Asker: 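I'd like to ask you about the structure that follows.
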Amino acid sequence: MCGIYGEVGRGDVLKNAIDGLKALEYRGYDSAGIAFFNELQRIKVTKQKGMVASLEAKAGVDRWATRCPLSDPLDYNAVIAHTRWATHGKPASKNSHPFKQGRFVVAHNGIIENYKEFKTELENRFIFQSETDSEVIAALLEEEYSKLWDSQFTVDEFEEGFIDILTRENKDMTLEAIYNVSKKLKGAYALAILSEDVPNTIFATTNNPPLIVGSHGDATSTFVVTSDEAALPANSQIYRLKPGEIATLDDNAIKIYESTGEGVAPKGDPLFQPIQAKQQPSKDGYPHFMKKEINEIEKSLRATLESKDTEQFKRVNEFLKTADTIYLSACGTAYHACLLGKHYIEKNLGKQVVAEVASELRYMEHVGVALEGDPHKVAAIFVSQSGETADTIAAAELFKKQGAKIITITNNPNSTLANLSDEVININAGKEVAVAATKSFTSQAFAFNLLTGDTCVNCLEPFFAEAKRLQENTTQIKELVEKYKKVKNIFFIGRLADYATSKEASLKLKEISYIHSEAYQAGELKHGTIALIESKSVVCAIITDPKIKDKTMNAVYEVKARGAKTIVISPFTELKDNAVVDDFIEIRNVMHDLIPILSVIPMFNFAYYFSKQRGIDPDKPRNLAKSVTVE
Ligand code: M6R
């Protein structure tokens, strides 16, 4: 999680850093910070709680106040910046990166698992301002560097003045300090580092989390370090640091140093790869990306169908039919797509499926048992919009190591998850920017249906048309939001596939409107949860399966009897006139197998308008990030 951006060059590197950070906000936006050299070559650190836009204003003021030499095109400067998703310590300015201890300033992505053992000891010599694991790295560097520095010279040499030698040695000693500290750290880290002893130079290293060094667009003498190429303009030349490598970026060049165990050795110029020109995502006139993406559901479903590789789908389908065990795994919304996937595989292929969230699956005993048998008969399907979710990748790696076949359903066929997979199914839904996943969910579920069913692809027009109608049908949804805007709890109920979509509807409402919401299997309500139902409750039932329609309606009767307001989402129009149904949202009768995919669309709109009604930014709800890259 979190995003790092650093730049060395002439001109407005501070502005470039702010723009770079904005492109990284999908990795977290709890707070942001920036560090740069002032005219006295001291490092000024500016931090701000909240999004990068708030930092921008503050950094602008500090830049002039400290006479940061950025206005003259001949001036050189080095900047490191960070956008944070909080892990250790609440979202606050004091916990924002970069952190300064002594002459060192550090921006960190990842989690240092053993930071406490150092912090307790370092507290005798350093004052820590934050609750983070990351500030400890800055203190460790300062401590290590001081030791190296002290050991270089005798008191006599100082008196004679060795200024030239000192200037040359500072960079080497900094590299050595970084190398030595890296050996002490346990956990995950990508680091961008400044030192007041080595002005206008950035040091960067990683032990796994992505970190890229390269040029900034066509500006071949402006060098950057970032956690994601999304922060770079087209034509930038990039090099992905390998674990253990340390890079230096200064006014002349980027150099990569390899950690050999015997100090650091220059490796020479890295091999740079150009990045593809990319289009900046645009809201295309919509007030939010989320609404734009809801309105793209129909288009994305069509694109999922178009990108279907018939041979591949046949191959995967055959494999699923012969597999001994089938696992589906993912996180969040993608996990809910797995629940629909389970429904489709069990219904259409008659095979039993285990669907588990990725952070749990790899610790489950039965996984070990299945993989110890014949791993080639284990099908493991991982679903991820981004393909970069750490929990999902970790689970996939475990299965891969044991020899299972890895199948990935993703919107990013160039992702880490896709790269480790045997089969990559590209849902091709188009870029999804809003934190709340919408069109990726419907396309993932559709991919499962296409993979397992005998869907007549020429009969899909009514399905696409209904998706379009539902995504644009906002009048009824806005009325519902107005009617229920004061409620504190909303429950979603359904059975089988409708339970999967109930969970997704509930998650969407929670994450962008902060309303308390739960999803239950409709039949389970009476076994406990019904105790929560009272006259101020709202219960939304999703009912798309004729086989269980009456059973789910029993639950609607039960909650109505206890005073709840009820919403029913269903193709069964006779329910509209049922006295226990307060509001009815119709899904027009398309192919029965596909109705569950459509039933969630009204609730995407419901969550969106609820969020807006409460004055929340639906694209960037609190505490969340688009891509969750920590376990
Ligand atoms: O990129 P992924 O599909 O792997 O992301 C998984 C979840 O983090 C994601 O679906 C999350 O739950 C969304 N905020 C849901 O709207």
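The structure presented is a predicted model; accordingly, all values stated were derived computationally and were not measured.
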Asker: Step by step, work out the side chain to side chain contact (heavy atoms under 4.5 Å, CB included) result for Leu249 and Thr201.
Answerer: CA-CA 5 Å; Leu249 295 73; Thr201 300; 5.9 Å; no
Asker: If you define the side chain from C-beta out and look only at heavy atoms, does anything of Asn426 sit under 4.5 Å from Thr410?
Answerer: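 No. Closest side-chain heavy atoms not under 4.5 Å.
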Asker: Among Ile34, Ile4, Leu55, whose side chain to side chain contact (heavy atoms under 4.5 Å, CB included) with Leu21 holds?
Answerer: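 The option that passes is Leu55.
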Asker: Given side chains that start at C-beta, do those of Phe104 and Ile193 come closer than 4.5 Å, heavy atoms only?
Answerer: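 Of all side-chain heavy-atom pairs linking Ile193 with Phe104, at least one is under 4.5 Å.
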Asker: Taking all non-hydrogen atoms of both residues, which atom of Thr389 and which atom of Cys331 are closest, and how far apart?
Answerer: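 Looks like CG2-SG, 3.8 Å.
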Asker: Check for me whether Lys44 meets the cation-pi criterion with Phe37, that is, NZ or CZ under 6.0 Å from the six-membered ring centre and within 45 degrees of the ring axis.
Answerer: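 No, Lys44 does not sit over the ring of Phe37.
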Asker: For the pair Asn109 (side chain) and Ala190 (backbone), establish whether a donor and an acceptor sit closer than 3.5 Å, ignoring hydrogens and angles.
Answerer: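 No: the side chain of Asn109 does not pair with the backbone of Ala190.
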Asker: Would you say the side chain of Leu140 lies within less than 4.5 Å of the side chain of Phe118, judging by non-hydrogen atoms?
Answerer: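 Yes. Closest side-chain heavy atoms under 4.5 Å.
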Asker: For the OG1 atom of Thr222 and the CG atom of Asn16, what is their distance to the nearest 0.5 Å?
Answerer: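 Between atom OG1 of Thr222 and atom CG of Asn16 there are 7.5 Å.
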Asker: So which heavy atom on Ser96 is nearest to which on Ala32, and how close?
Answerer: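 For Ser96 and Ala32, the tightest heavy-atom pair comes out as CB-O, 4.0 Å.
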Asker: Checking Lys292 against Glu296 for the salt bridge (charged side-chain N to carboxylate O under 4.0 Å, His left out) test, could you report, in this order, the C-alpha distance in whole Å, the side-chain angles of both residues, the deciding distance, and whether it holds?
Answerer: CA-CA 6 Å; Lys292 176 184 175 229; Glu296 286 173 347; 3.4 Å; yes
Asker: Ignoring hydrogens, what is the shortest heavy-atom contact between Ala429 and Ser443? Give both atom names and the distance.
Answerer: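 Closest heavy-atom pair between Ala429 and Ser443: CB-OG, 3.9 Å.
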Asker: Looking only at heavy atoms, which two atoms of Glu229 and Ile212 are closest? And how far apart?
Answerer: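 Closest pair (atom of Glu229, atom of Ile212, distance): N-CD1, 3.4 Å.
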Asker: Is it true that Lys242 and Glu258 make a salt bridge, defined as a side-chain N closer than 4.0 Å to a carboxylate O?
Answerer: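 Salt bridge absent between Lys242 and Glu258.
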Asker: Strictly below 4.0 Å, N to O, side chains only: are Lys22 and Glu56 in salt-bridge contact?
Answerer: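 Salt bridge between Lys22 and Glu56, a charged N being under 4.0 Å from a carboxylate O: yes.
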Asker: Do Phe99 and Phe128 have ring centroids that are under 6.0 Å from one another?
Answerer: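 Judged by ring-centre distance (under 6.0 Å), Phe128 and Phe99 do not meet the cut-off.
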Asker: Would you compute the distance between atom CH2 of Trp149 and atom CG of Asn170 and round it to the nearest 0.5 angstrom?
Answerer: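 It comes to 8.0 Å.
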Asker: Out of curiosity, Asp422 CG to Lys400 NZ, how far, rounded to the nearest 0.5 Å?
Answerer: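 If we round to the nearest 0.5 Å, Asp422:CG and Lys400:NZ are 5.5 Å apart.
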Asker: Under a plain distance cut-off of 3.5 Å, with no hydrogens placed, do Ser440 and Glu432 share a side-chain donor-acceptor pair?
Answerer: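 Yes, because at least one side-chain N or O of Glu432 sits under 3.5 Å from a partner of the opposite role on Ser440.
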Asker: Could you go step by step and tell me if Arg125 and Glu142 meet the salt bridge (charged side-chain N to carboxylate O under 4.0 Å, His left out) rule?
Answerer: CA-CA 11 Å; Arg125 296 180 297 288; Glu142 174 63 24; over 6 Å; no
Asker: Check whether Lys405 reaches the backbone of Ala380 with its side chain - one donor and one acceptor, N or O, closer than 3.5 Å.
Answerer: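 Not confirmed, Lys405 side chain does not pair with Ala380 backbone.
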Asker: Quick one: does Thr120's side chain have a donor or acceptor within less than 3.5 Å of a partner on Glu117's backbone?
Answerer: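 Here the side-chain-to-backbone pair does not exist.
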Asker: Answer yes or no: does atom NZ of Lys299 have more than 12 heavy-atom neighbours from other residues, nucleotides or ligands under 6.0 Å?
Answerer: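 No, because the 6.0 Å sphere around NZ of Lys299 holds 12 heavy atoms or fewer from other groups.
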Asker: Could Lys184 and Glu144 be called an ion pair, given the rule that one side-chain N must be under 4.0 Å from one carboxylate O?
Answerer: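 Judged by the 4.0 Å cut-off on N to carboxylate O distance, Lys184 and Glu144 do form a salt bridge.
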Asker: Are Glu25 and Lys626 close enough, and set up right, to give a salt bridge (charged side-chain N to carboxylate O under 4.0 Å, His left out), and what steps lead you there?
Answerer: CA-CA 8 Å; Glu25 273 189 319; Lys626 181 68 181 159; over 6 Å; no
Asker: Apply side chain to side chain contact (heavy atoms under 4.5 Å, CB included) to the pair Leu211 and Thr205, showing each step before the final yes or no.
Answerer: CA-CA 8 Å; Leu211 203 59; Thr205 188; 5.8 Å; no
Asker: Determine yes or no for a side-chain-to-main-chain donor-acceptor pair under 3.5 angstrom, with Asn428 supplying the side chain and Ala303 the backbone.
Answerer: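 Looks like yes, one N/O pair under 3.5 Å.
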Asker: Below 4.5 Å, heavy atoms only, C-beta onward: do Ile18 and Tyr5 meet side chain to side chain?
Answerer: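 Not in contact.
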Asker: Please name the pair of heavy atoms, one in Lys119 and one in Ser130, separated by the smallest distance, quoted to 0.1 Å.
Answerer: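 So the two residues come closest at NZ-O, 3.2 Å.
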Asker: State the CG-CG distance between Asn419 and Leu417, to the nearest 0.5 angstrom.
Answerer: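 Going from the CG atom of Asn419 to the CG atom of Leu417 covers 9.0 Å.
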Asker: What are the two closest heavy atoms between Glu388 and Ser627, and how far apart are they?
Answerer: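 What the structure gives for the nearest pair is CB-OG, 3.8 Å.
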Asker: Can you tell me how far the CD atom of Gln312 sits from the CD1 atom of Ile407, to the nearest 0.5 Å?
Answerer: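 Rounded to the nearest 0.5 Å, the CD-CD1 separation comes out at 9.0 Å.
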Asker: Nearest 0.5 Å please: distance from the CG atom of Leu122 over to the CD atom of Glu135.
Answerer: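 One finds 10.5 Å between CG of Leu122 and CD of Glu135.
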Asker: Got a donor-acceptor contact below 3.5 angstrom from the Arg362 side chain to the Phe399 backbone?
Answerer: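 It does not hold such a pair.
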Asker: Can Glu196 and Arg42 be counted as an ion pair, charged N to O under 4.0 angstrom?
Answerer: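 Yes, charged N to carboxylate O under 4.0 Å.
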Asker: If a pair satisfies ring-ring contact (aromatic ring centres under 6.0 Å, His included) and one of its residues is in residues 187-210, list it, with sequence neighbours excluded.
Answerer: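 For residues 187-210, and leaving out neighbouring residues, there are no ring-ring contact (aromatic ring centres under 6.0 Å, His included) pairs at all.
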Asker: Indicate whether the side chain of Asp228 and that of Thr226 have a donor and an acceptor atom separated by less than 3.5 Å.
Answerer: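 Their side chains do not contain a donor-acceptor pair, so the 3.5 Å distance test is not met.
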Asker: Looking at Asp133 and Lys116, is any side-chain nitrogen of the basic one under 4.0 Å from a carboxylate oxygen of the acidic one?
Answerer: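 A salt bridge is absent here (no side-chain N lies under 4.0 Å from a carboxylate O).
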Asker: Any side-chain heavy atom of Thr408 within less than 4.5 Å of one from Ile381?
Answerer: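 Not touching, per the 4.5 Å side-chain cut-off.
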Asker: Within the 4.5 Å heavy-atom criterion, are Pro281 and Phe289 side-chain neighbours or not?
Answerer: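 Result yes, sub-4.5 Å side-chain heavy-atom pair found.
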Asker: Would the distance check show the side chain of Glu293 and the main-chain N or O of Val433 forming a donor-acceptor pair, the cut-off being under 3.5 Å?
Answerer: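 Yes, because the side chain of Glu293 sits within donor-acceptor range (under 3.5 Å) of the backbone of Val433.
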Asker: Answer with yes or no after comparing the ring centroid distance for His88 and Tyr115 against a 6.0 Å cut-off, counting only values under it.
Answerer: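 Between Tyr115 and His88, which both carry aromatic rings, the centre distance is below 6.0 Å.
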Asker: Take Ser282 and Asp284 through the side chain to side chain donor-acceptor pair (under 3.5 Å) test and state the conclusion after the steps.
Answerer: CA-CA 5 Å; Ser282 151; Asp284 290 345; 2.8 Å; yes
Asker: Okay, side chain of Asn411, backbone of Gly430: is any donor-acceptor separation there less than 3.5 Å?
Answerer: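 Indeed, once roles are kept as given, a pair shorter than 3.5 Å links the two residues.
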Asker: Check the pair Glu131, Lys94 against salt bridge (charged side-chain N to carboxylate O under 4.0 Å, His left out), reporting the backbone distance first and the verdict last.
Answerer: CA-CA 8 Å; Glu131 302 148 60; Lys94 67 171 185 172; 2.9 Å; yes
Asker: Mind telling me whether His97 and His82 have parallel, tilted or perpendicular rings, with 30° and 60° as the class edges?
Answerer: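 Ring orientation of His82 relative to His97: parallel.
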Asker: When you look at Thr438 and Met290, which way does the side chain to side chain contact (heavy atoms under 4.5 Å, CB included) test go after all the steps?
Answerer: CA-CA 8 Å; Thr438 52; Met290 183 177 177; 4.0 Å; yes
Asker: Do other residues, nucleotides or ligands put more than 12 heavy atoms under 6.0 Å from the NZ atom of Lys49?
Answerer: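 Atom NZ in Lys49 is not packed in, count stays at 12 or less.
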Asker: Side chains of Asn77 and Leu14: does their closest heavy-atom pair fall under 4.5 Å?
Answerer: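 SC-SC contact between Asn77 and Leu14 ruled out.
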Asker: Evaluate the side chain to side chain contact (heavy atoms under 4.5 Å, CB included) criterion for residues Leu624 and Tyr29: first the C-alpha distance (whole Å), next the side-chain angles of each, then the deciding distance (0.1 Å), finally the verdict.
Answerer: CA-CA 8 Å; Leu624 296 176; Tyr29 42 78; 4.1 Å; yes
Asker: Does the side chain of Tyr239 come under 3.5 Å of the side chain of Glu245 through a donor N or O and an acceptor N or O?
Answerer: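 Glu245 and Tyr239 do have a side-chain donor-acceptor pair below 3.5 Å.
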Asker: Within the 4.5 Å heavy-atom criterion, are Lys171 and Thr248 side-chain neighbours or not?
Answerer: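 Side chain of Lys171 against side chain of Thr248, heavy atoms only: contact under 4.5 Å found.
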Asker: For Asn207 and Gly187, indicate whether the former's side chain and the latter's backbone hold a donor-acceptor pair under 3.5 Å.
Answerer: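 Confirmed, Asn207 side chain pairs with Gly187 backbone.
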